Amino acid sequence: MNDRETQRRTALGTFLRSRRERLTPGEVGLTSGPRRRTPGLRREEVALLSGVSVSWYSWLEQGRPITASTQVLDALATTLRLTGAERRHVFDLAGEGDATPHPAADGCPAVGDHLRATVAALSPNPAFLLDRHWDILAHNESEAALYDGLDQLPVQRRNMIWLYFGWPPMRSLLKNWEAESWAVLAQFRASADRHPGDPRFAELVADVSAADPGFPARWERHDVAGFNPALKRFDHPRLGLLTFRQAKLIAAEDPDLHLVARHPADPATRRAVAEVAAGS
């Protein structure tokens, strides 16, 4: 078993344990008993409810090289009350989902001129291009105007996770920073777990953890999620209240590249982005 597979199995075991420890016996129809010291469910309880042996489930959490069928993974997902995104995450880590190898990358992948041109052509609407690490590889002037300082950041910190957690102005810039930050981190966590051994993820986690004392606890929750279209509201110090609908598209030539476009959701936002494009 190679290092990548070992890391993937370890990530699977850690994730399953984190979900097991969140459930209470009452949530799955069990009584807790007077001497319960284990947070959440015990391994034997998950095994019983899922129809597997205690030893096998323990080995799965320990990251041992065992095979899990789709039927067993389905049973575990049901027992652990996993969301759709969490279930897909488990299947990916177990090698039953998208098991296409993704080699670890040093730095950012090359971005074709056609993708940069597409980002620029979406003006006056803000748009940007992300890689799998959530590094911002390209952006147009309208997107830069939302942040007032994006271009002045060092290249390694032009990253959406850094902006959410390591860049203080973001917490007042976004009207709903608390909820959005959880959602963004859950998507980032899913990407990180799908690419074990990629050093850029570890670098980002360490950098953001040093900047935000609350980040390590969030990271250790192992929350995962997929993209969910939602309104994005900015309370911009110069442009006022801005509301966008957001779309994320995958580049056909490289599924690790995502183009994100923001479209005004009201007339006031439409006027504001037009003013930015006009140089006002």
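Note that the structure is predicted; figures quoted are calculated from it, not measured.
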Report the residues that fulfil salt bridge (charged side-chain N to carboxylate O under 4.0 Å, His left out) with [X], sequence neighbours left out, ordered by chain and then residue number.
X: R20; answer: E61
X: D235; answer: none
X: R87; answer: D74

Step by step, work out the side-chain contact (heavy atoms from CB on, under 4.5 Å) result for R233 and L174. CA-CA 6 Å; R233 293 184 171 89; L174 286 176; over 6 Å; no
Check [X] against [Y] and note the closest heavy-atom contact, atom names and distance.
X: A225; Y: A190; value: O-CB, 4.1 Å
X: H195; Y: S191; value: ND1-O, 2.8 Å
X: A265; Y: R245; value: CA-NH1, 3.6 Å
X: P168; Y: G166; value: CD-O, 3.4 Å
X: R116; Y: L137; value: NH1-O, 3.2 Å
X: F201; Y: A192; value: CD2-CB, 3.5 Å

Would you indicate whether the side-chain heavy atoms of [Y] and [X] approach each other to under 4.5 Å?
X: L76; Y: V90; result: no
X: V28; Y: E45; result: no
X: L146; Y: F128; result: no

Identify each donor-acceptor pair in which a side-chain atom of residues 65-72 lies under 3.5 Å from a protein atom, sequence neighbours left out, and give them as a table.
| unit_1 | atom_1 | unit_2 | atom_2 | d |
| --- | --- | --- | --- | --- |
| S69 | OG | Q71 | OE1 | 3.4 |
| S69 | OG | V72 | N | 3.2 |

Stepwise salt bridge (charged side-chain N to carboxylate O under 4.0 Å, His left out) test for D92 and R88: CA-CA 6 Å; D92 282 343; R88 288 191 295 273; over 6 Å; no
Give every donor-acceptor pair under 3.5 Å between a side-chain atom in residues 47-55 and any protein atom, sequence neighbours left out.
| unit_1 | atom_1 | unit_2 | atom_2 | d |
| --- | --- | --- | --- | --- |
| S50 | OG | V46 | O | 2.8 |
| S50 | OG | T79 | OG1 | 2.9 |
| S53 | OG | W56 | N | 3.0 |

Assess the residue pair W134 and W162 against the criterion (side-chain contact (heavy atoms from CB on, under 4.5 Å)); give the C-alpha distance rounded to whole Å, side-chain angles, the decisive distance to 0.1 Å, and a yes or no. CA-CA 9 Å; W134 290 56; W162 168 262; over 6 Å; no
Please list, chain by chain and in numerical order, all residues satisfying ring pair (Phe, Tyr, Trp, His ring centres under 6.0 Å) with Y147, sequence neighbours excluded. none
Ring pair (Phe, Tyr, Trp, His ring centres under 6.0 Å) filter on F15, not counting sequence neighbours, yields H89
Heavy-atom donor-acceptor pair, W167 side chain to M160 backbone, under 3.5 Å: no
Okay, side chain of T269, backbone of T243: is any donor-acceptor separation there less than 3.5 Å? yes
Look up atom [atom1] in [X] and atom [atom2] in [Y], then write down how far apart they are to the nearest 0.5 Å.
X: S209; Y: E220; atom1: OG; atom2: CD; answer: 8.5 Å
X: S58; Y: R43; atom1: OG; atom2: CZ; answer: 4.5 Å
X: R271; Y: E275; atom1: CZ; atom2: CD; answer: 8.0 Å
X: L257; Y: I250; atom1: CG; atom2: CD1; answer: 10.0 Å
X: D135; Y: L129; atom1: CG; atom2: CG; answer: 11.0 Å
X: R158; Y: L153; atom1: CZ; atom2: CG; answer: 7.0 Å

F188 and ring pair (Phe, Tyr, Trp, His ring centres under 6.0 Å): which partner among W219, F215, F227, Y164? W219
If you look only at pairs with a residue in [range], which of them pass as a salt bridge (Lys or Arg N to Asp or Glu O under 4.0 Å), with sequence neighbours excluded?
range: residues 173-188; answer: E178-R218, E180-K232
range: residues 201-213; answer: R157-D207, R171-D212, R200-E203
range: residues 258-270; answer: E143-R262

Does the side chain of H139 pick up a donor-acceptor pair with the side chain of D151 at under 3.5 Å? yes
Could you walk me through whether F234 and L239 pass the side-chain contact (heavy atoms from CB on, under 4.5 Å) test, one step at a time? CA-CA 9 Å; F234 294 78; L239 301 173; over 6 Å; no
Show me, pair by pair, the donor-acceptor contacts under 3.5 angstrom made by side chains of residues 117-126, not counting sequence neighbours?
| unit_1 | atom_1 | unit_2 | atom_2 | d |
| --- | --- | --- | --- | --- |
| T118 | OG1 | H114 | O | 2.8 |
| S123 | OG | A120 | O | 3.3 |
| S123 | OG | N140 | ND2 | 3.3 |

side-chain hydrogen bond (donor to acceptor under 3.5 Å, both in side chains) involving D223 - partner list, sequence neighbours excluded: R19, R22, R221
Pair R9 + E5, salt bridge at N-O below 4.0 Å: yes
For W59, I'd like to know if atom CH2 has over 12 heavy atoms of other residues, nucleotides or ligands within 6.0 Å. no
Does atom CD of E141 have more than 12 heavy-atom neighbours from other groups under 6.0 Å away? no
Test log, rule side-chain contact (heavy atoms from CB on, under 4.5 Å), inputs L150 and L163: CA-CA 9 Å; L150 177 61; L163 289 174; 4.1 Å; yes
